[in-house]
Each structure stands twice: as C-alpha cells, then as structure tokens.
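Report on the following structure.
First the proteins, then the strands, lettered A, B, ... as listed; each starts at 1.
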Amino acid sequence: MSPPLSRGFHRRHQTPAGEEGRVPPGQYVTQDFPVLSAGPTPHTPTEKWTFSIKQGGDTEKSWSWDEMRALPHEDVTVDIHCVTRWSKLDTHWQAVSIDTLLAQVEHDAGYVLAFCDGGYTTNLPLPDVTGGQAWVAFGYEGEPLPPEHGGPARLLVPHLYFWKSAKWVRGLELLDHDEPGFWETYGYNMYGDPWKEQRYEGD
Amino acid sequence: MEGTAVRGRLTWQIATVSELTDETATVRTIDLQVPDWAGHRAGQHLDIRLTGDDGYRAERSYSIASAPGEPVAITVERLEDGEVSPYLTEDLRQGDQFELRGPIGGYFIWDRARDTAPLLLVAGGSGVVPLRAILRYRERTGSTTPARLLYSVRTLPDVIYHDELDGYRHDQGVDVIYTLTRQQPPGWTGRTGRVNAAMLADIAWPAGQDPLAFVCGPTSFVEAVAEALVRLGDPPRRVKTERFGATGTPGGP
C-alpha cells in the first residue's frame with residue numbers, strides 16, 4: 001500500500017554533497033550534538049572512577065582512572081547515528097580500544113552488558129565490541145568529554161545506534177547470553193543497526 | 001524497572017487529521033484519528049512519517065499530548081530551520097493523512113496506580129507536552145495524587161494549553177506555576193526568570209515525601225533542573241528526564 005502523500009511537503013535539510021552514502025536511511029545530518037538521557041547527569045570524580053570487567057559476579061579486572069589513561073589510546077574519527085534520527089559526521093574522539101581491555105581477561109563470552117553510573121545498561125554482542133569497532137572514550141574534539149555527553153568516559157560503538165554507546169560507563173559484564181539493557185527493556189531494538197533501521201523491537 | 005511498553009513489531013498506520021488547534025503563534029495541536037491505535041501511557045511518544053509529492057520521506061518523533069483513553073494528539077512547535085514542523089504547523093489541513101507508529105518509550109511515563117507519590121512536573125517551553133498528558137490523565141481518572149507544574153516560558157502568550165492549565169485548581173490538588181523568563185505583562189505578580197535552585201526549593205515537594213519528578217525541555221534547562229533537584233535531596237532515580245537539543249526528540253523539528 002502506498003503511503004498518503006503530503007502535498008507541499010518537501011526536503012529542506014540537504015545532506016552535504018558527496019556524503020549521501022554515509023547517512024543511514026531515516027537519518028539527517030546535524031552540526032549540533034543533542035543530548036538524550038533518562039535521568040540527571042551523574043558527576044563521578046575521576047579519583048573515584050573505575051572501569052571493571054565482570055563475569056559471573058566476579059570482577060575479573062579493574063582499572064583506575066589513571067591506569068585507564070595510561071593504556072595505549074587512539075584518536076578515532078567516526079560518524080555517529082542517534083535513534084532519534086540525527087547523524088553527526090567526522091566526530092573526533094580520544095579513546096582506549098575495548099580490544100586492549102579484553103586482552104587482559106580470559107573469557108569465552110558471547111555478549112556484554114555495559115553498566116554505568118546512574119544505573120543505565122545496554123547490551124552488545126561480543127563481536128561488535130572487538131576487532132577495532134568499540135572504545136572507551138574520554139576525550140571529544142580535543143577536550144575532556146563533558147558530563148552531559150557521558151564524561152568522564154563513555155562507550156563508543158559507532159556502527160550501532162548511539163544509545164549503545166553508553167554514557168558514564170563503568171564497566172562491562174561478560175555474558176554467555178544476550179540480556180536486554182535499559183532502553184532495550186523499554187521496546188528499543190536488541191541490536192540497533194542504523195543501516196537496517198533497527199530502532200524498535202521487531203524492526 | 002517497569003514493564004515493557006512496546007510489544008512486538010510497531011507497524012506504520014494511517015493517521016487522519018481530525019482537528020487543528022492553534023495554541024500559540026508558533027504551536028499547534030493536531031488531533032488524529034488512528035483506527036487501530038492500541039492505546040498509550042501518559043508520557044510516551046510516537047513517530048510520524050511524511051512522504052512528499054516527490055517521494056521524499058522524513059520521520060520525526062513527537063510526544064503524545066493526549067491522555068491515555070483519549071484520541072491521539074500531538075502538539076508541534078514550529079522551528080524556523082526545521083523540515084517537518086513548518087509543514088505540520090502551517091500546511092497541514094483537516095482530513096489530511098500521514099503515517100504514524102507508536103506508542104514508544106516506557107520510562108518517562110506516569111503510572112497512576114504505581115506512582116502515588118506527590119508529582120512535580122517541570123517544563124521548559126514545548127517540554128510541557130508530555131507533562132500535559134500526565135495532568136490530563138490524572139484529571140480524567142480522578143486521581144488524588146497531588147501535582148505541581150512549574151512551567152518556564154518566555155512570555156505569557158507563549159504558554160501552551162493556557163486555558164486548560166488555568167483551569168486546574170489548588171483545592172483539587174493541582175498547582176500550576178508559570179515563570180516568565182523574557183517579558184512579563186504589566187502587573188504580573190507571578191514568578192519571573194529562569195528556574196533555579198531557589199525557585200525549586202520553594203516549589204518542589206520535600207524530599208522526605210519521596211516525590212516523583214518529570215522534567216522535560218531543552219538540554220540546558222533539563223540539566224540545570226535535574227541537578228538542582230538532586231541537590232535538594234531527590235534520589236536520581238526519582239527524577240525522570242526527557243531532553244531535546246536543537247534537533248532532538250521529542251518535539252523535534
């Protein structure tokens with residue numbers, strides 16, 4: 001069935017020339033960096049901050065802020081895509097690869113559940129956070145990551161919708177099964193591939 | 001965590017515009033007929049999809065403005081640099097149709113059976129829309145949960161749902177407090193200026209009553225209000241927020 005046409009409705013937002021192939025369906029490019037969060041912004045001082053990898057209730061490995069910052073890090077330039085339909089091209093991050101962190105832990109997990117200050121969680125298949133596809137980011141555009149954007153550190157998984165790039169991240173729980181996180185419990189997609197428009201459950 | 005709000009696949013449906021109401025010079029409420037609407041909860045949003053004559057499609061999310069049990073309605077603010085909102089607020093006519101799916105979101109909702117604690121609603125500009133749905137739901141269902149709406153708006157003519165909000169009465173358990181940030185009419189004795197910690201200390205329920213707060217508005221507004229409420233002693237889990245940046249959702253362009 002063809003959709004009803006809205007007479008007089010037409011495109012006003014032009015995708016930057018030559019970059020059409022970088023914008024997933026249903027998205028538009030913004031220069032802003034909008035913020036979406038379910039609650040107040042937590043403010044965890046870096047001296048109290050840790051990043052932990054947990055498995056079966058045990059903490060396998062934990063890094064302090066200084067230890068995390070001492071790990072090899074990368075300057076990452078990526079496009080990001082929010083489920084609320086904005087995309088932002090060529091964002092620059094300073095980040096530690098999840099590969100670097102997982103290399104220090106023995107496991108055979110198939111999934112991870114990221115956990116955060118404020119109680120937020122999100123689920124990801126392990127193959128999506130390894131192989132140079134995911135990071136713990138602490139710098140944005142050359143500055144410390146601001147609290148409202150997830151500072152001191154957030155997950156960065158740019159090939160999935162941006163709710164998977166959990167703000168205020170404090171660790172990963174290694175799991176042998178896929179378990180819905182916060183927004184996934186409220187009807188958002190378990191995986192969230194922007195190129196397949198996997199916004200909600202069943203998409 | 002509350003139960004899942006969305007079950008199974010959300011399918012696109014055809015919505016027909018049944019009524020258009022101008023709320024302010026730039027804000028319009030659109031009442032919709034959606035034959036297979038499964039119902040919604042107070043505070044949820046929905047997606048609409050417009051298809052132009054040339055086949056160009058755009059999707060946006062909007063907060064649902066009507067109470068559970070009422071026909072679906074959205075309230076849209078025209079953003080001059082927007083793509084969808086100028087069409088919805090200027091060109092759309094009664095009887096027009098477009099695609100819609102929802103409801104979406106299960107966190108920023110008020111559940112009248114579960115949430116019986118005093119209710120604080122804090123709105124910035126068009127952030128009042130989902131909070132209006134909560135107040136209407138409370139009213140429709142005869143809830144006695146005490147509620148306060150603190151509504152920050154530039155000028156009095158910018159107040160959305162003005163007559164409706166003025167109809168709420170203190171002796172029926174609802175207080176509506178406007179704060180006018182840019183300009184006040186002559187003789188205005190109400191509050192002025194941006195919502196700040198002192199204003200919230202005055203208006204918010206004591207933390208000891210375990211109040212539940214819903215805060216909706218632009219990012220900077222929500223950041224400031226949520227932080228102030230936490231400083232006043234509200235646990236972060238009792239402060240639910242919905243933010244929109246210049247291009248975010250709900251009430252996006």
Side-chain angles (χ1 to χ4, degrees), chain A residues 1-15 24-43 82-88 117-121 146-149 162 168 180-189 197-203, chain B residues 1-12 14 47 49-61 81-84 86-87 91-92 96-99 101 104-108 215 219 222-223 226-227 229-230 234 236-237 239-250 252-253:
Chain A
M1 189 178 63
S2 57
L5 299 182
S6 296
R7 194 164 298 279
F9 174 66
H10 54 87
R11 180 192 293 272
R12 288 199 190 189
H13 289 158
Q14 289 297 338
T15 300
Q27 299 291 110
Y28 60 86
V29 174
T30 179
Q31 307 302 323
D32 302 323
F33 195 174
V35 169
L36 288 140
S37 314
T41 294
H43 295 272
C82 179
V83 70
T84 63
R85 297 186 182 77
W86 56 265
S87 290
K88 195 167 170 60
D117 284 321
Y120 184 78
T121 56
E148 67 270 26
H149 289 302
F162 213 47
W168 314 302
F182 180 84
W183 286 122
E184 295 82 6
T185 304
Y186 291 119
Y188 283 78
N189 196 272
E197 276 204 81
Q198 293 174 336
R199 299 179 195 276
Y200 311 119
E201 185 181 349
D203 279 354
Chain B
M1 244 180 227
E2 295 93 325
T4 305
V6 181
R7 280 281 171 225
R9 191 176 167 79
L10 278 177
T11 52
W12 291 102
I14 306 294
D47 284 359
R49 180 162 70 188
L50 301 182
T51 305
D53 297 328
D54 60 356
Y56 173 67
R57 281 181 170 185
E59 293 179 21
R60 293 293 185 274
S61 294
D81 59 347
E83 184 171 78
V84 171
Y87 173 80
D91 301 331
L92 194 69
D96 283 354
Q97 295 187 319
F98 53 79
E99 291 176 290
R101 67 173 181 163
I104 297 154
Y107 183 71
F108 193 86
V215 186
T219 292
V222 173
E223 283 290 315
E227 184 157 329
L229 289 174
V230 170
D234 286 359
R237 65 180 171 77
V239 181
K240 299 190 177 197
T241 64
E242 194 128 281
R243 308 163 207 231
F244 48 89
T247 57
T249 183

With a 4.5 Å cut-off on side-chain heavy atoms, are [Y] and [X] touching?
{"X": "B:Glu99", "Y": "A:Pro4", "answer": "yes"}
{"X": "B:Glu83", "Y": "A:Phe9", "answer": "yes"}
{"X": "B:Tyr87", "Y": "A:Arg12", "answer": "no"}
{"X": "A:Pro25", "Y": "B:Arg57", "answer": "no"}

Specify the closest pair of heavy atoms between [X] and [Y], including all atoms of both residues, with the distance to one decimal.
{"X": "A:Tyr200", "Y": "B:Ser61", "result": "OH-OG, 4.4 Å"}
{"X": "A:Pro3", "Y": "B:Thr51", "result": "CG-OG1, 3.7 Å"}
{"X": "B:Arg101", "Y": "A:Asp203", "result": "NH1-OD1, 3.0 Å"}

Interface moiety of [X] toward chain A, non-hydrogen atoms closer than 4.5 Å:
{"X": "B:Val230", "answer": "side chain"}
{"X": "B:Glu223", "answer": "side chain"}
{"X": "B:Tyr56", "answer": "both"}
{"X": "B:Ile14", "answer": "side chain"}
{"X": "B:Arg237", "answer": "neither"}
{"X": "B:Asp91", "answer": "side chain"}

Notebook entry, point to check: If you tally heavy-atom pairs under 4.5 Å against chain B, which of A:Cys82, A:Ser37, A:Pro180 wins?
Noted result: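 Top count of heavy-atom pairs under 4.5 Å with chain B: A:Ser37.
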Check: How long is the span from the CD atom in A:Glu148 to the CZ atom in B:Arg243, to the nearest 0.5 Å?
Finding: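 It is 9.0 Å, given to the nearest 0.5 Å.
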Margin query: Can you tell me how far apart CG (A:Leu5) and CG (B:Asp96) are? Round to the nearest 0.5 Å.
Written below: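 Between A:Leu5 CG and B:Asp96 CG, I get 11.0 Å after rounding to 0.5 Å.
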Margin query: Counting only non-hydrogen atoms closer than 4.5 Å, does A:Glu197 touch chain B with its backbone (N, CA, C, O), its side chain (CB onward), both, or neither?
Written below: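 Answer is side chain: those atoms of A:Glu197 sit under 4.5 Å from chain B.
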Next item on the list: Indicate yes or no for a side-chain donor-acceptor contact from A:Ser6 to the backbone of B:Gly52 under 3.5 Å, with no hydrogens or angles considered.
Entry: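 No, the answer is negative, given that no donor and acceptor are paired below the 3.5 Å cut-off.
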Item checked: Test side-chain contact (heavy atoms from CB on, under 4.5 Å) applied to A:Tyr188 and B:Ile104, step by step -> CA-CA 9 Å; A:Tyr188 283 78; B:Ile104 297 154; 3.4 Å; yes
Margin query: Would you say CZ of A:Arg11 has more than 12 non-hydrogen atoms from neighbouring residues, nucleotides or ligands within 6.0 angstrom?
Written below: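 Enclosed: over 12 neighbouring heavy atoms sit under 6.0 Å from CZ of A:Arg11.
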